[in-house]
**Student:** 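Can you keep this structure in mind? I'll have questions shortly.
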Amino acid sequence: MKEKILFFFLVFFTMKSFGQTVHLSNTNINQGGFDFALVIGQLEGNTIVLQSNIPIGTDKERVGLKSRKLQVVGFNENLQKKWLIPVSNEIQGNSMEGASLFNNQLYLIYYTYSKEKGTIEVYYNSYNSSGQSIASNKQIATVPVAKLNNLEKIRVLISPDKNNLGIYINEADENQQQIHLTLLSKEGNVKQSDFKINYGNSLLYLSNLLLDNQNDLYLTGELKNRENKKQKSQYLFCYSSSLNTVIEKAVTDFNSPISELKIKFNPLKNEIVCGGIGVDNTSYSGSRIKLLYIDSVYSFKEVNYSIQGASLKELIGERNSSGISLDNYTIQDLILREDGGALLVTEAQYMSEYSFYDQFTQTFNRRTEYHFDNIVLFSVSPEEKIDWCRVIKKDQVSMDDFGILSSFASYANNEEIGILYNKDSGRNFEMMHVLINKNGEMTSKRINKSNIDAIIPRYNKQLGATSTCLPVLIKRQLYLAKIEFE
């Protein structure tokens, strides 16, 4: 009897065919130079989209001669634009740091810095699904800070049960990182916490954050060796709100490198799960997968998976065809299985920079190449066994564009995962749809283009069990598309 493996997700559904229906916005959405659009989610049936005049997802507030401008747009179920909120200069002197759906409203988070007081004041504006203002310039907290130039970009978090909105401020220097965490409940209550991590930002880079339902904050980071900064290890930090303390866990040591950790919350078991890929640069046979489970009383359980057998053969074939080793891969998604296992979705990503002298302009120029290559998926059981490994081969290279058309979009349910990406066929793009079911059976098909030239994959949002919403390009204009797979 075959073992039944389920990915648990929001909706239980089984997809049997490869057909799809594409719905497009009735007009292009990049008027006024807002050429980049990130789908935030749905609010009472309306699709909420954050738009910018420069790429979203980068800390840069200026690209070339352009300074960042933002707006939020609401679309109805037919993808018709219904309202628009220009947020760039909505509060004079403030910086808009986040747009999130919380408490059945759209929240825009701002802050302003007072050099005289040495404080940051955090505000929010909220709107209903029709774009009408609910609260304006509502102050959440005042946070004391030493210097503005020590601040990392403010991050906005939502707890898995949607009961709390968190605002994360990291005031980092060479010796330590001072974390300011402000929580806003659905009822409007505010709680502030401060804690320190005793590694400076030159040694420790904090990457992924998760706020759980107990108001604990989990942070993953890469720590450099003080004596040899080429050696790195992965760490997990947990700030316990009930104990008011930081719990530190070294996931690997400097002699056992591992990829950047991905972190997820398991609502069925009320636990945190971290995952990474351990790399042996000399041989795939020495590579491994590591999962770390943290329960509600902060007990840790490690599970290690050796990449061998059929999984090793799959990767060796991938290596021979592309020359890419596992140290190029980062985990893009960690999908938890109902039986305690997980599906790790990884992608090879890297940048290369070079300079050259332009004889015509007699100037030195710098170019950046963005590489997004093969996708590797591992499905692992809770018994330290890799059930299957699959490789989706692709080779995406672009220049000086932040890789906006590269990488992939995905949707997942309890039966399968779907991967969407642009395939460069020479003169134009083909849009590919790869479907992998719970047993690792993989099929691939071109998406019916419906006049679409390319998708913008990393700005997508899954809306249902087998549907996703994302921006697309049609004749160099930006449109919003909802793709439903049958």
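The chain is numbered in sequence order, starting from 1. Here the structure is a predicted model, which is why all the values come from computation and not from measurement.
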**Student:** Say whether Asn413 and Glu415, considering side chains only, have a donor N or O and an acceptor N or O under 3.5 Å apart.
**Tutor:**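 No, Glu415 and Asn413 have no side-chain donor paired with an acceptor closer than 3.5 Å.
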**Student:** My understanding is that only residues two or more places apart in sequence, or in another chain, count here; which of them pass side chain to side chain donor-acceptor pair (under 3.5 Å) with Ser126?
**Tutor:**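 Per chain and number, Ser126 pairs via side chain to side chain donor-acceptor pair (under 3.5 Å) with Gln105.
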**Student:** Kindly say whether Gly440 contributes a backbone atom to a donor-acceptor pair with the side chain of Arg390 at under 3.5 angstrom?
**Tutor:**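 Indeed, once roles are kept as given, a pair shorter than 3.5 Å links the two residues.
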**Student:** Output yes when a side-chain donor or acceptor of Asn422 lies under 3.5 Å from a complementary backbone atom of Ile455, and no otherwise.
**Tutor:**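 Between the backbone of Ile455 and the side chain of Asn422 there is a qualifying donor-acceptor contact (under 3.5 Å).
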**Student:** Using distance alone, with no hydrogens and no angle criterion, decide if Asn76 and Asn78 have a side-chain donor and acceptor under 3.5 Å apart.
**Tutor:**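 Side chains of Asn76 and Asn78: no pair found under 3.5 Å.
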**Student:** When you check the gap from the basic side-chain N to the acidic O, do Glu416 and Lys438 get nearer than 4.0 Å?
**Tutor:**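 So Glu416 does not pair with Lys438 through a salt bridge.
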**Student:** Which residues satisfy the side-chain contact (heavy atoms from CB on, under 4.5 Å) test with Ile54, sequence neighbours excluded?
**Tutor:**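 Ser52, Val63, Lys66, Arg68.
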**Student:** Has the side chain of Asp212 got a donor or acceptor atom that lies under 3.5 Å from a matching backbone atom of Asp216?
**Tutor:**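 Checked: pair present.
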**Student:** Check the pair His433 / Ser444 against side chain to side chain contact (heavy atoms under 4.5 Å, CB included), numbers first and verdict last.
**Tutor:** CA-CA 6 Å; His433 176 209; Ser444 178; over 6 Å; no
**Student:** Does the separation of the ring centres of Phe485 and Tyr411 fall below 6.0 angstrom?
**Tutor:**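 That pair passes the under 6.0 Å test.
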**Student:** Can you name the residues that form a side-chain contact (heavy atoms from CB on, under 4.5 Å) with Pro471, not counting sequence neighbours?
**Tutor:**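 Expected list: Ala37, Val39, Ile456, Tyr459, Leu478.
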**Student:** Step through it carefully: locate the ring centre of Tyr107, locate the ring centre of Phe102, and say whether they are under 6.0 Å apart.
**Tutor:**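 Ring centroids of Tyr107 and Phe102 are less than 6.0 Å from each other.
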**Student:** Do the side chains of Leu165 and Leu157 get nearer than 4.5 Å, heavy atoms only?
**Tutor:**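 When only atoms from C-beta onward are counted, Leu165 and Leu157 do not touch, as no gap falls below 4.5 Å.
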**Student:** For the pair Lys249 and Glu302, find out whether any cationic side-chain nitrogen is under 4.0 Å from an anionic carboxylate oxygen.
**Tutor:**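 Judged by the 4.0 Å cut-off on N to carboxylate O distance, Lys249 and Glu302 do form a salt bridge.
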**Student:** Report yes if the side chains of Asp35 and Asn53 come closer than 4.5 Å at any heavy-atom pair, otherwise no.
**Tutor:**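 Not in contact.
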**Student:** Ignoring hydrogens and geometry beyond distance, is a side-chain donor-acceptor pair present between Ser381 and Arg337 at under 3.5 Å?
**Tutor:**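 Short answer, no.
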**Student:** For a 4.5 angstrom cut-off between non-hydrogen side-chain atoms, does Ser259 reach Ile331?
**Tutor:**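 The answer is yes, as the side chains (C-beta and beyond) meet within the 4.5 Å cut-off.
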**Student:** Does Asp333 pair with Lys264 as a salt bridge, N-O distance under 4.0 Å?
**Tutor:**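 So Asp333 pairs with Lys264 through a salt bridge.
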**Student:** If you look only at pairs with a residue in residues 399-413, which of them pass as a salt bridge (Lys or Arg N to Asp or Glu O under 4.0 Å), with sequence neighbours excluded?
**Tutor:**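 Residue pairs passing salt bridge (Lys or Arg N to Asp or Glu O under 4.0 Å), neighbours aside: Arg367-Asp400.
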**Student:** Okay, side chain of Ser25, backbone of Leu480: is any donor-acceptor separation there less than 3.5 Å?
**Tutor:**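 Present.
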**Student:** Could you check if a side-chain atom of Leu204 sits within less than 4.5 angstrom of a side-chain atom of Gln177, using non-hydrogen atoms only?
**Tutor:**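 Of all side-chain heavy-atom pairs linking Gln177 with Leu204, at least one is under 4.5 Å.
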**Student:** Got a donor-acceptor contact below 3.5 angstrom from the Asn437 side chain to the Asn439 backbone?
**Tutor:**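 Judged by distance alone, yes, a pair lies under 3.5 Å.
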**Student:** Can you see whether Tyr168 engages Asn170 through a side-chain donor-acceptor pair at a distance of less than 3.5 angstrom?
**Tutor:**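 Tyr168 vs Asn170: donor-acceptor pair found between side chains.
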**Student:** Taking only residues two or more places apart in sequence or in another chain, which ones pass side chain to side chain donor-acceptor pair (under 3.5 Å) with Glu347?
**Tutor:**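 Scan of Glu347 (side chain to side chain donor-acceptor pair (under 3.5 Å), adjacent residues dropped) gives Gln349, Lys394, Ser407.
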**Student:** Taking the side chain as every heavy atom from C-beta outward, state whether Lys385 and Val380 have any pair of such atoms under 4.5 Å apart.
**Tutor:**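 Lys385 vs Val380: side chains apart.
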**Student:** Is the shortest side-chain heavy-atom distance between Tyr239 and Ile179 below 4.5 Å?
**Tutor:**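 No; the side chains remain at least 4.5 Å from each other.
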**Student:** Residues two or more places apart in sequence or in another chain: which of them pass side-chain contact (heavy atoms from CB on, under 4.5 Å) with Arg366?
**Tutor:**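 By the side-chain contact (heavy atoms from CB on, under 4.5 Å) rule, Arg366 matches Glu353, Ser355.
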